[in-house]
Amino acid sequence: MSIQERLLLSVEAIEEHYNAGDYIFREEATPQFYYQIVSGEIKLNSYKEDGKEFIQNILSDNACFGESMLILGKPYPVNAVATTKSTVLKIGRDQFFQLLKDHPHIFLDMYKTLSEKTSEKMVLIQKITGKNAEERLMELMNQMKEAKENKEKFSFEIPHTRQQLASLTGLSIETAIRAIKRMEKNEILIIKNGKIFY
DNA sequence: TCATTAATTCGCC
DNA sequence: GGCGAATTAATGA
């Protein structure tokens, strides 16, 4: 879900451009804007005590991010980092609340997607903890595929690097790669010139 | 196309 | 299971 671009522009949305690796906001910062992706890919991450990256979520076109913290008015618990060249629209806090007030359907949509995201995360965390590498990756891929129409086996190309998959499941890269290879052997997925199909 | 950098894989502990 | 080195892929000049 997303707010229509024309609505965002009608309240003086600012268009911003980022390169891969650029921060859009940082952990601990106070939320000031509602952000929506026009194009590109954004990840929400944080770093564990050992310095290992944990990716909370990877978002692409039309997704919004950081909205729950904006509504709450609490500091961000994660960083937002562009992983590719990206274009983002943002509107200020006041404009955002005004939009919600003026357009109840936007409020409902927002509420619904927020609930979906929250529920997804809760389910994933519950399914991932205590499981071995292969099961974790399978749960993650199941969830990503749920959003797709085509449910056929091997029809879904995983749009992430192995590193990203590892950081999304709390595995190390090597463990993720080894697990992925075993999964290929067990015909849970196939690998076609490096790309994973599930 | 070549050079640089990032991602992946492999051998070893 | 993770480190460092070797290989390969992606990116940019």
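Chain letters run A, B, ... following the sequence lines, proteins first and then strands; every chain starts at 1.
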Has [X] got more than 12 heavy atoms of other residues, nucleotides or ligands less than 6.0 Å from its [atom1]?
X: A:Lys85; atom1: NZ; result: no
X: A:Lys131; atom1: NZ; result: yes
X: A:Lys151; atom1: NZ; result: yes

Whole angstrom is fine here: how far is it from [atom1] in [X] over to [atom2] in [N]?
X: A:Gln163; N: B:dT8; atom1: CD; atom2: P; value: 6 Å
X: A:Ile177; N: B:dA6; atom1: CD1; atom2: C1'; value: 13 Å
X: A:Ile196; N: B:dT9; atom1: CD1; atom2: C1'; value: 13 Å
X: A:Gln164; N: B:dT8; atom1: CD; atom2: P; value: 8 Å
X: A:Ile173; N: C:dA9; atom1: CD1; atom2: P; value: 17 Å
X: A:Leu165; N: B:dA7; atom1: CG; atom2: C1'; value: 12 Å
X: A:Ile191; N: B:dT9; atom1: CD1; atom2: C1'; value: 12 Å
X: A:Asn193; N: B:dT8; atom1: CG; atom2: C1'; value: 14 Å

Pairs under 3.5 Å (N/O, protein and nucleotides 10-13 of chain C):
none

TODO: Could you tell me whether the side chain of A:Phe107 reaches within less than 4.5 Å of the side chain of A:Leu99, counting heavy atoms only?
DONE: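 Side-chain contact under 4.5 Å: no.
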Open item on the list: Just so I know, are the side chains of A:Phe96 and A:Ile71 near enough to count as touching, which here means a heavy-atom distance under 4.5 Å?
Closed with: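 Side chain of A:Phe96 against side chain of A:Ile71, heavy atoms only: contact under 4.5 Å found.
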Would you list the protein and nucleotides 2-5 of chain B atom pairs, both N or O, that sit under 3.5 Å from each other?
none

Task: Residue that, paired with A:Leu189, satisfies side chain to side chain contact (heavy atoms under 4.5 Å, CB included) out of A:Lys181, A:Lys153, A:Met138, A:Met183 - done: A:Met183
Task: A:Glu53 bridged to A:Lys43 by N-O distance under 4.0 Å - done: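 The answer is yes: the pair qualifies as a salt bridge.
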Can a donor-acceptor pair be found between the side chains of [X] and [Y] at a distance below 3.5 Å?
X: A:Ser115; Y: A:Thr118; value: no
X: A:Glu41; Y: A:Thr84; value: no
X: A:Tyr47; Y: A:Asn79; value: no
X: A:Asp102; Y: A:Gln98; value: yes

Open item on the list: At under 4.0 Å between heavy atoms, how does the protein contact nucleotides 2-7 of chain C? Give one character per nucleotide, 5' to 3', with B, S or -.
Closed with: BBB---
TODO: Show which residues join A:Leu44 in its hydrophobic cluster (side-chain heavy-atom contacts under 4.5 Å, direct or indirect), or state none.
DONE: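 Same cluster as A:Leu44: A:Tyr18, A:Ile24, A:Phe25, A:Phe33, A:Tyr35, A:Ile37, A:Ile42, A:Leu59, A:Phe65, A:Met69, A:Tyr76, A:Val78, A:Val88.
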Open item on the list: Using the ring centroid of each side chain, check whether A:Phe154 and A:Phe197 are separated by less than 6.0 Å.
Closed with: no
Open item on the list: Could you go through A:Glu67 and A:Lys117, starting from their C-alpha distance and side-chain angles, then the distance that decides it, and tell me whether this counts as salt bridge (Lys or Arg N to Asp or Glu O under 4.0 Å)?
Closed with: CA-CA 11 Å; A:Glu67 72 283 5; A:Lys117 279 196 227 175; 2.9 Å; yes
TODO: Determine, step by step, whether A:Tyr198 and A:Met144 satisfy the side chain to side chain contact (heavy atoms under 4.5 Å, CB included) criterion, reporting the C-alpha distance in whole Å, the side-chain angles of both residues, the deciding distance to 0.1 Å, and the verdict.
DONE: CA-CA 10 Å; A:Tyr198 178 67; A:Met144 292 191 296; over 6 Å; no
Open item on the list: Under 4.0 Å, heavy atom to any atom of DNA chain B: which of residues 181-188 of chain A qualify?
Closed with: A:Lys181
Open item on the list: Is it the case that the side chain of A:Lys121 and the backbone of A:Gln56 share a donor-acceptor pair, with hydrogens and angles ignored and the cut-off at 3.5 Å?
Closed with: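 Checking the backbone N and O of A:Gln56 against the side chain of A:Lys121, a donor-acceptor pair under 3.5 Å is found.
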Task: Dot-bracket pairing map - DNA chain B, Watson-Crick plus G-U, both contacts under 3.5 Å, | cross-strand - done: |||||||||||||
